[in-house]
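For reference, the structure is listed below as structure tokens.
Values below: every heavy atom of this structure, side chains too, minus hydrogens, waters and symmetry copies. Predicted, not measured: the structure shown is a model, and the values here were computed from it. The first residue of the sequence shown is numbered 1, and numbering continues consecutively from there.
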Amino acid sequence: MTLVRPCIDLHSGVVKQIVGSSLDLQNPSSLSLQTNFISSKPPAYYAELYKKDNMQGAHVIKLGPGNDAAAEEALKAWPGGLQLGGGITAENAVNWLAKGASKVIVTSYLFPDGQLSQVRLRKLSEAVPKEQLVIDLSCKRTSDSEWTVCINGWATLTSSVISRSSTILSDLAPYCSEFLIHSTSVEGLQVGPDLPLVQLLAEMSPIPVTYAGGARHLSDLQAVERMSEGKVDLTFGSALDIFGGDGITWADCVAWNHSKQETNNAVREGI
């Protein structure tokens with residue numbers, strides 16, 4: 001079953017919704033940054049909301065420097081309820097788990113110089129149990145049937161691709177419990193999800209996947225569930241009313257998840 005997976009994106013210590021392709025981690029105050037929403041509420045507000053409504057699997061992403069205190073605030077509001085990503089390495093991952101993250105999300109650390117490092121992958125797996133590790137393979141569409149993994153705030157293309165002929169998903173699956181994948185080409189644009197990518201992820205990933213990018217309406221959630229046959233979860237960002245959007249309400253997301261979970265529980269009890 002496809003569920004909504006909430007997010008808390010932090011930029012310069014504030015909850016924001018950003019057009020992904022405009023992000024510059026080396027210069028957080030860059031004039032090229034396109035911001036869809038800047039929250040007047042603290043990170044804890046969103047963490048407490050997600051906890052109250054039992055919206056499991058939410059992720060907190062630190063977009064560049066200056067976000068550690070804000071991330072810690074969110075984790076304290078829901079200890080063990082939020083995943084944490086952004087600047088995670090083998091050296092600091094355990095510290096973030098100790099601060100309350102349910103899982104850590106790793107991206108750029110695994111791709112020094114744009115190449116997947118088996119040495120770093122092994123080092124990370126020694127530090128973090130598979131059950132508490134999420135690997136972020138956010139990617140940019142570079143051909144009709146191929147998406148290239150991006151790092152460094154999606155500014156750098158790696159040598160790794162996601163396609164029907166590549167093995168990156170099956171190669172990395174033994175090391176983590178799930179994948180988080182943003183489609184950087186549509187992230188923050190509210191133009192609809194990259195459904196060919198969603199379908200590919202459902203076909204190729206042997207472990208759970210959360211997709212983010214472009215989602216705007218309830219119909220997009222239905223489309224992701226249909227295209228993935230319920231194997232891929234979805235994150236809404238700028239379109240969500242709690243982030244200033246008018247495409248879908250938080251209440252709709254909560255109702256969707258609760259309905260799916262109730263149906264799933266009923267099926268299990270009937271077996």
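Nearest heavy atoms, Met204 versus Ser163: CE-O, 3.8 Å. Among all heavy-atom pairs drawn from Leu75 and Trp96, the shortest one is CD1-CE3, 3.7 Å. What you find for Ser12 and Asn67 is that their closest heavy atoms are N-OD1, 3.2 Å. Nearest heavy atom pair, residue Phe179 against residue Ala173, reads CZ-N, 3.9 Å. Nearest approach of Pro42 to Glu73, heavy atoms of both residues: CB-OE2, 3.0 Å. Pairing each heavy atom of Ala93 with each of Ile88, the nearest pair is CB-CG2, 3.9 Å.
No side-chain donor-acceptor contact under 3.5 Å links Ser177 to the backbone of Gln132. Within the 3.5 Å criterion, the main-chain N or O of Ala239 finds no donor-acceptor partner in the side chain of His217. The main-chain N or O of Asn92 is found under 3.5 Å from a side-chain atom of Thr89 such that the two form a donor-acceptor pair. At least one donor-acceptor pair under 3.5 Å links the side chain of Ser108 to the backbone N or O of Asn152. Under a 3.5 Å cut-off, the side chain of Thr158 and the backbone N or O of Gln115 do not form any donor-acceptor pair. Between the Ser238 side chain and the Gln17 main chain, no donor and acceptor come within less than 3.5 Å of each other. Judged by distance alone, with hydrogens and angles left aside, the side-chain atoms of Ser228 form a donor-acceptor pair with the main-chain N or O of Val224 at under 3.5 Å. Side-chain N or O atoms of Ser102 include one that pairs as donor or acceptor with a backbone N or O of Leu82 at under 3.5 Å. Distance alone, capped at 3.5 Å, places no donor-acceptor pair between the Asn264 side chain and the Lys260 backbone. Using modelled atom types, no side-chain atom of Asn257 and backbone atom of Met55 make a donor-acceptor pair closer than 3.5 Å.
A ring-centre distance under 6.0 Å is found for Trp250 and Tyr50.
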### Task
Carefully, step by step, assess Lys16 and Ile38 under the rule side-chain contact (heavy atoms from CB on, under 4.5 Å).
CA-CA 5 Å; Lys16 297 181 183 179; Ile38 301 176; 4.2 Å; yes
### Query
Would Leu201 and Leu169 satisfy side-chain contact (heavy atoms from CB on, under 4.5 Å), going step by step from the backbone distance to the final call?
CA-CA 9 Å; Leu201 295 174; Leu169 295 174; 4.2 Å; yes
### Task
Might you work through the side-chain contact (heavy atoms from CB on, under 4.5 Å) test for Cys253 and Leu240, ending with a clear yes or no?
CA-CA 9 Å; Cys253 294; Leu240 197 53; 3.8 Å; yes
### Message
Please evaluate residues Leu63 and Leu10 with respect to the criterion side-chain contact (heavy atoms from CB on, under 4.5 Å), reporting the C-alpha separation (whole Å), side-chain torsions for both, the decisive distance (0.1 Å), and the verdict.
### Response
CA-CA 6 Å; Leu63 299 172; Leu10 302 173; over 6 Å; no
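Tyr46 and Ser39 form a side-chain donor-acceptor contact under 3.5 Å, judged by distance and modelled atom types alone. Defined by atom type and a distance below 3.5 Å, a donor-acceptor pair is present between the side-chain atoms of Arg5 and Thr210.
Going from atom CD1 of Ile61 over to atom CD1 of Ile105 covers 4.0 Å, rounded to the nearest 0.5 Å. A distance of 8.0 Å separates CG of Leu172 from OG of Ser160, quoted to the nearest 0.5 Å. To the nearest 0.5 Å, the span separating CG on Asp241 from CZ on Phe236 amounts to 11.0 Å. In this structure, the separation between CD1 on Ile18 and NE2 on His11 is 4.5 Å, given to the nearest 0.5 Å. Residue Leu124 holds its CG atom at 7.0 Å from CD1 of Ile135, rounded to the nearest 0.5 Å. We find the CG-CH2 distance between Leu157 and Trp147 to be 14.5 Å, quoted to the nearest 0.5 Å.
With contacts defined as side-chain heavy-atom distances shorter than 4.5 Å, the pair Val128/Val106 does not qualify. Looking only at side-chain heavy atoms (C-beta outward), Cys176 and Ile207 come within less than 4.5 Å of each other.
Under a hydrophobic-cluster definition in which Ile, Leu, Val, Met, Phe, Trp and Tyr are linked whenever side-chain heavy atoms come within less than 4.5 Å, directly or via other members, Trp256 and Phe243 are assigned to the same cluster. Transitive grouping of hydrophobic side chains (ILVMFWY, heavy atoms separated by less than 4.5 Å) keeps Val209 and Met1 in distinct clusters. Val14 and Tyr45 fall into different hydrophobic clusters, where Ile, Leu, Val, Met, Phe, Trp and Tyr are joined by side-chain heavy atoms under 4.5 Å apart, directly or via other members. Follow the hydrophobic side-chain contacts under 4.5 Å out from Leu195 and you never reach Leu3; the two are in separate clusters. Follow the hydrophobic side-chain contacts under 4.5 Å out from Leu197 and you never reach Val161; the two are in separate clusters.
The 12-atom threshold is exceeded at CD of Gln222, counting heavy atoms of other residues, nucleotides or ligands nearer than 6.0 Å.
For residues 91-119, the salt bridge (Lys or Arg N to Asp or Glu O under 4.0 Å) pairs, not counting sequence neighbours, are Glu72-Lys99, Glu91-Lys123, Lys103-Glu178.
Partners of Asn54 by side-chain hydrogen bond (donor to acceptor under 3.5 Å, both in side chains), not counting sequence neighbours, listed by chain and number: Gln56. For the salt bridge (charged side-chain N to carboxylate O under 4.0 Å, His left out) test, no residue two or more places apart in sequence or in another chain qualifies with Asp252.
Classified by interplanar angle (parallel below 30°, tilted 30° to 60°, perpendicular above 60°), the ring pair His182/Trp154 is tilted.
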